[in-house]
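Counting starts at 1 for both ligands and their atoms, following the listed order.
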Amino acid sequence: AKSLGKARYHVFDPVMYQEAIQLLQLENDLRKAVERQEFLVYYQPIISLSTGKIISLEALVRWQHPTRDLVFPIEFIPASEEIGLINEINIWVLQEACETISSWSEKKLIDKSLSISVNLSVRLFYQTNLIAHINRIINQTKISSCNLKIEITESVIMENHRDIKNVLSHFQKLNIPLIMDDFGTGYSSLSYLHSFPFNALKIDKSFVRRMQDNQENMGLVPAMISIAHSMGMTAIAEGVETPEQLAQLRCLNCDYAQGYLFSQPLPKELMIDLLLTSPQW
Ligand code: C2E
Ligand code: CA
Ligand code: CA
Ligand code: CA
């Protein structure tokens, strides 16, 4: 009985209690955020290294919390996945991003070839009507399916081989290009990678950052670019922050780059201003 008393005493951990309360608060706020549509899409340009021009935008979700500063996805995407709100949020991002591109294109503000890249959580792959949503959004916004790109993290393909492959092949049939995000962080084998219909590999920013510390051989980035090309895919480098990194990536024949050097993710009003200046790097 004595030892039980002692064990009980340890059950109440004020730190854990505090964390549990915060998590409940977050869940509560997230449910309201979905109802009240408190999310925003920010856009970050992706640059073609051959022309130096913007060829695509990546949609990155933000949460305009009523009483806090802008909340970043790291703080609410995992929780949304846990409590089953990710599908609703992510489909909204997809719709909003496609509508934005479509309205700019209708007003003839942008080149018709500008594409939009949207991140999809693996949870959406288990939702039976994902493809129906995508078809509806493409039809409603009249964007060309090849201008909508889907980004999926490398870890996703390890999760459930057959199911994931099945959904990916639907995208392929719809002519929606697929980008493997965070390439290099997921430990997938190359033969595995080869059996998925990806069009591009996005080299994780941790490898791009290490190019500088490793002037002599530039770390793993050259190998990753070679892998992409030898498998008939293009290579995108993310997290490009310095002119040196840009020059190195150009030397290595990397196809595309993205990062603070070009622009931070911006709300759509600022992104269209940037696009209208036709920047070139
Ligand atoms: P990600 O897809 O790997 O996105 C790249 C992240 O790097 C973004 O963070 C972006 O703001 C940041 N970034 C861009 N350029 C630079 C740079 O030069 N240096 C550094 N250090 N960072 C840079 P963000 O916007 O906070 O998004 C974090 C992650 O949240 C994303 O990682 C993505 O996995 C997820 N996410 C964002 N939006 C969505 C969404 O709509 N749906 C889903 N499922 N996930 C999303
Ligand atoms: Ca991404
Ligand atoms: Ca990434
Ligand atoms: Ca990431």
Side-chain angles (χ1 to χ4, degrees), residues 30 33-34 37-47 54 56-64 69-100 115-127 130 133-134 137 148-156 159 167 177-186 198-212 221 224 235-246 249 256-268 270-271 281:
L30 270 172
V34 171
Q37 306 190 321
E38 292 170 355
F39 299 100
L40 294 171
V41 178
Y42 272 44
Y43 299 89
Q44 189 180 36
I46 298 170
I47 278 78
I54 298 174
S56 188
L57 304 177
E58 180 176 2
L60 294 159
V61 70
R62 303 287 181 259
W63 176 14
Q64 185 70 78
D69 289 338
L70 203 60
V71 186
F72 285 79
I74 184 82
E75 271 201 71
F76 65 91
I77 293 282
S80 315
E81 288 175 338
E82 286 287 308
I83 59 178
L85 288 176
I86 188 64
N87 289 2
E88 216 171 325
I89 297 170
N90 219 150
I91 296 291
W92 178 83
V93 171
L94 194 58
Q95 171 109 25
E96 168 68 20
C98 291
E99 279 175 7
T100 299
S115 60
I116 180 88
S117 221
V118 180
N119 296 285
L120 289 190
S121 162
V122 66
R123 303 290 154 130
L124 274 85
F125 284 52
Y126 300 105
Q127 191 193 6
L130 173 64
H133 276 298
I134 303 242
I137 291 168
L148 168 63
K149 297 179 178 167
I150 299 295
E151 296 194 10
I152 308 149
T153 59
E154 185 183 11
S155 53
V156 159
E159 199 163 297
V167 181
L178 292 168
I179 300 169
M180 179 187 277
D181 206 350
D182 300 348
F183 179 60
T185 64
F198 286 98
N199 302 78
L201 296 182
K202 194 182 265 195
I203 300 168
D204 191 69
K205 50 182 173 282
S206 58
F207 298 97
V208 174
R209 192 183 319 119
R210 269 178 255 152
M211 270 199 311
Q212 271 161 319
V221 173
M224 292 171 137
I236 309 166
E238 73 172 10
V240 178
E241 296 181 354
T242 69
E244 291 73 29
Q245 289 168 338
L246 173 60
L249 290 163
Y256 306 108
Q258 178 181 10
Y260 298 155
L261 176 65
F262 312 107
S263 168
Q264 301 242 335
L266 300 171
K268 62 180 169 191
L270 294 179
M271 181 46 71
W281 285 272

Of all N, O or S atoms in [X], which has the smallest distance to the Ca ion (ligand 2)?
{"X": "Glu58", "result": "OE2"}
{"X": "Glu151", "result": "OE1"}
{"X": "Asp181", "result": "OD2"}

Winner among [options] once heavy atoms are compared against [atom]:
{"atom": "atom 5 (C) of ligand 1", "options": "Glu96, Glu75, Lys202, Lys205", "answer": "Lys205"}
{"atom": "atom 25 (O) of ligand 1", "options": "Arg62, Glu58, Glu151", "answer": "Arg62"}
{"atom": "atom 37 (C) of ligand 1", "options": "Pro265, Pro73, Ser80", "answer": "Pro73"}
{"atom": "atom 1 (P) of ligand 1", "options": "Thr153, Asp181, Thr242", "answer": "Asp181"}

Stepwise side chain to side chain contact (heavy atoms under 4.5 Å, CB included) test for Leu60 and Gln44: CA-CA 8 Å; Leu60 294 159; Gln44 189 180 36; 4.2 Å; yes
Yes or no: does Ile74 have any heavy atom under 4.0 Å from an atom of ligand 1? no
Under a 3.5 Å distance rule, please check whether Glu154 uses its side chain to pair with a backbone N or O of Phe183 as donor and acceptor. no
Verify, without hydrogens or angle tests, whether Asn90 (side chain) and Leu124 (backbone) share a donor-acceptor contact under 3.5 angstrom. no
To the closest 0.5 Å, what do you measure between CH2 (Trp92) and CG (Leu40)? 6.0 Å
N/O/S atom of Asp204 inside 3.0 Å of the Ca ion (ligand 3), strictly under: no
N/O/S atom name from Asp182 that is nearest to the position of the Ca ion (ligand 3): OD1
N-O pairing of Glu241 and Lys205 below 4.0 Å: no
With a cut-off of 3.0 Å, does Thr153 put an N/O/S atom close enough to the Ca ion (ligand 2)? no
